[in-house]
S.K.: 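Would you mind keeping the following structure in view while I ask a few things?
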Amino acid sequence: MDKEKPPSSDAAERPNSRVIRTPLHGIDLLFNSRLNKGTAFSEEERDIFGLHGLLPPHIGTLEDQRERRKRVLDSRPTAFGKYSNMRDLQDNDETLFYSMIRHYTEELLPIVYTPTVGEGCQRFSEIWRRPRGLFISYPNRNRIDQILSDKRFDDVRCIVVSDGERILGLGDQGAGGMGIPIGKMALYTALGGIPPEHCLPILLDAGTDNELLLNDPIYIGWQHRRVRGREYDDFIEAFVSAVERRWPHILLQWEDFANANAARLLARYRNRLCTFNDDIQGTAAVTTATLLAAVNATGIPLSGQTIVMYGSGSAGTGIIDLIVAAMRRKGLTEEQARDRIYAFNRYGLLVEGARGIRPAHLPLVRKRSTIQGWQLFGGEDITLLDVVRNTRVTVLVGVSAQPGAFTEEIVREMARHTPRPVIFPLSNPTSQSEATPADLMRWTEGRALVGTGSPFAPVNVSGRSIRISQINNSYIFPGLALGILVARARRVTDSMIMAAATTLAGLSPTCEDQNAPLLPPVSDSRTIALAVAEAVARQAISEGIADDPANLTAKLRDYVWEPVYVPYERIARSRSDP
């Protein structure tokens, strides 16, 4: 860094430098979660930074601190208690927080992310203590430039933003939806290695229609009905425009927007800045990757699969679009691919004349002639059981947020004519899952290939413990973001999403063993993220929308931040600092 240029943040060098130089001193240093080392400050650092007396005399290590924190976590009887404790740790010592996730990934991912983050959003007002990220409320819509201008955000390179209207399968959580951007950004760093100072979670508070929140005296958000229509669109536009002015090369990830807004906002802005919607594109990528992995085990090519998509919101339509693209790569036409997919809304099969068909559903609607001669049992609406009884469904995917929708009768009927049924109940959190893996295995005599949206315990089948792969977007978005940032991609294209999906599919254990789990263990997340990142970056470069750096693989590894403590040196505070 140029010595004459004032630092852009409290630390004059990135926290993965060999030495951190900072002007902070005493309690200000300890209260900076990015720089705090707690008991791991050395004796010399305690002298230099005036920490004697503020810390206990013990000089610890990162390993000591992990052990201490692990004991505390293990003593918490509930997942929410553990979640709250980890959030406190993140606000106190980020290096230790990320080190914990790196060392206990399998155990802590369900705590800091799905499914526990759902309860974290529902109870966000109870546990909010210290600012993290930005709350941009509708009443402050004329102050967005001012809010973003703080010099602490000079290093930001990626944003996750939500308006809290459709949190997992839990609905409108208003300002509590901030738990999702915070959690997603944490995984950018923990799983993708993106430096934490490059990440900014944002909640756009446009109000809430959740009656419980509107009447809750401790609710921290704007207690007002949601603004909609032109007012809402103008609010989003003001935010995007301000972001473009502040960070012209930002990566912006949309998260948990309502179905009515998610796809149209993505369509509006995807050619204007580098942006993607994880609920649409990330879910599509990880589901398609897992389906490709399952195809290895079934022996039936993708072009021969018959797929039911139970749920046709933004996630369902995104998955279908990517599966269709994958089928086309295998030689099918667009029409042939779509003819192999049966999509449902909350009323039933999307077929000509069915109820609840929206414009976004039109590419999914089947001609009435394609079901001519079917024997129907469900009345006016064509049910999932009707489809399973009248076609040889081989793949069943649920994104409906309807717990128990995959009933024993439906699954047994599917398994009757499919040697290895592929069943993905993806709705989150666990309480919204369309079925449990244990039931699915029991109803199919252990033949099903199961992947879930939430984490589930292994299932014992004939004395063999089967690990259930969680079809979690965390397999995709950390690596996707890493590749975009290092290659400096200017857009996120469908081909880049497909590159992420096919790369993950190529890492599936089923490539070596048809009876293996569909996805690698989440403990391999850093390796997965690097592989996905390189594929995404190379795809962006090939499309001419990214830089072509020499030694891309080395640059990816050099960029990745590791949660370790490094020595600190004190520097004088710049006169330009407040």
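Positions are given from 1, in the same order as the sequence printed here.
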S.K.: Atom CD1 of I111 and atom CZ of R76: how far apart are they, to the nearest 0.5 Å?
M.R.: 12.0 Å
S.K.: I want to check a possible cation-pi pair here: R123 against F80, using under 6.0 Å from ring centre and within 45° of the ring axis as the test.
M.R.: yes
S.K.: Is it the case that the ring center of Y98 lies less than 6.0 angstrom away from the ring center of H103?
M.R.: no
S.K.: Any ion pair linking D150 and R246 (charged N to carboxylate O, less than 4.0 Å)?
M.R.: no
S.K.: Verify whether one side chain among S162 and D256 offers a donor that lies under 3.5 Å from an acceptor in the other.
M.R.: no
S.K.: Rounded to the nearest 0.5 Å, what separation is found between the CE atom of M185 and the CD1 atom of I202?
M.R.: 9.5 Å
S.K.: Without hydrogens or angle criteria, can the side chains of D93 and Y565 be said to hold a donor-acceptor pair below 3.5 Å?
M.R.: yes
S.K.: Can a salt bridge be assigned to the pair D88 and R130 using a cut-off of 4.0 Å between side-chain N and carboxylate O?
M.R.: no
S.K.: Apply ring pair (Phe, Tyr, Trp, His ring centres under 6.0 Å) to residues Y568 and F41 and explain how you reach the verdict.
M.R.: CA-CA 9 Å; Y568 287 5; F41 280 106; 5.7 Å; yes
S.K.: Applying side chain to side chain donor-acceptor pair (under 3.5 Å), run through N428 and S454 and close with a yes or a no.
M.R.: CA-CA 6 Å; N428 280 314; S454 291; 2.4 Å; yes
S.K.: Assess, by modelled atom type and distance only, whether the side chains of W254 and T275 contain a donor and an acceptor separated by less than 3.5 Å.
M.R.: yes
S.K.: Which distance, rounded to the nearest 0.5 Å, do you find between the CG of N473 and the OG1 of T283?
M.R.: 3.5 Å
S.K.: If we ignore angles and hydrogens, is there a donor and acceptor under 3.5 Å between the side chains of R87 and Q90?
M.R.: yes
S.K.: Checking S508 against T510: is there a side-chain donor and acceptor pair closer than 3.5 Å?
M.R.: yes
S.K.: Can you name the one residue among N259, N277, D279 that meets side-chain hydrogen bond (donor to acceptor under 3.5 Å, both in side chains) with S314?
M.R.: N259
S.K.: How long is the straight-line distance from CZ of R102 back to OG of S525, given to the nearest 0.5 Å?
M.R.: 9.0 Å
S.K.: For a quick check under 3.5 Å, do Q65 and T39 share a side-chain donor-acceptor pair by atom type?
M.R.: yes
S.K.: Is it true that the side chains of Y188 and Q253 contain a donor and an acceptor less than 3.5 Å apart?
M.R.: yes
S.K.: Nearest 0.5 Å, please: how far is OG1 in T288 from CG in L302?
M.R.: 8.5 Å
S.K.: To the nearest 0.5 Å, what is the distance between OH on Y475 and OG1 on T290?
M.R.: 8.0 Å
S.K.: Less than 3.5 Å apart, any donor N or O on the side chain of E562 or S99 sitting next to an acceptor on the other?
M.R.: no
S.K.: Side chains of T61 and D64: any donor to acceptor distance under 3.5 Å?
M.R.: yes
S.K.: Just checking, any donor-acceptor pair under 3.5 angstrom between side chains of Q470 and T452?
M.R.: no
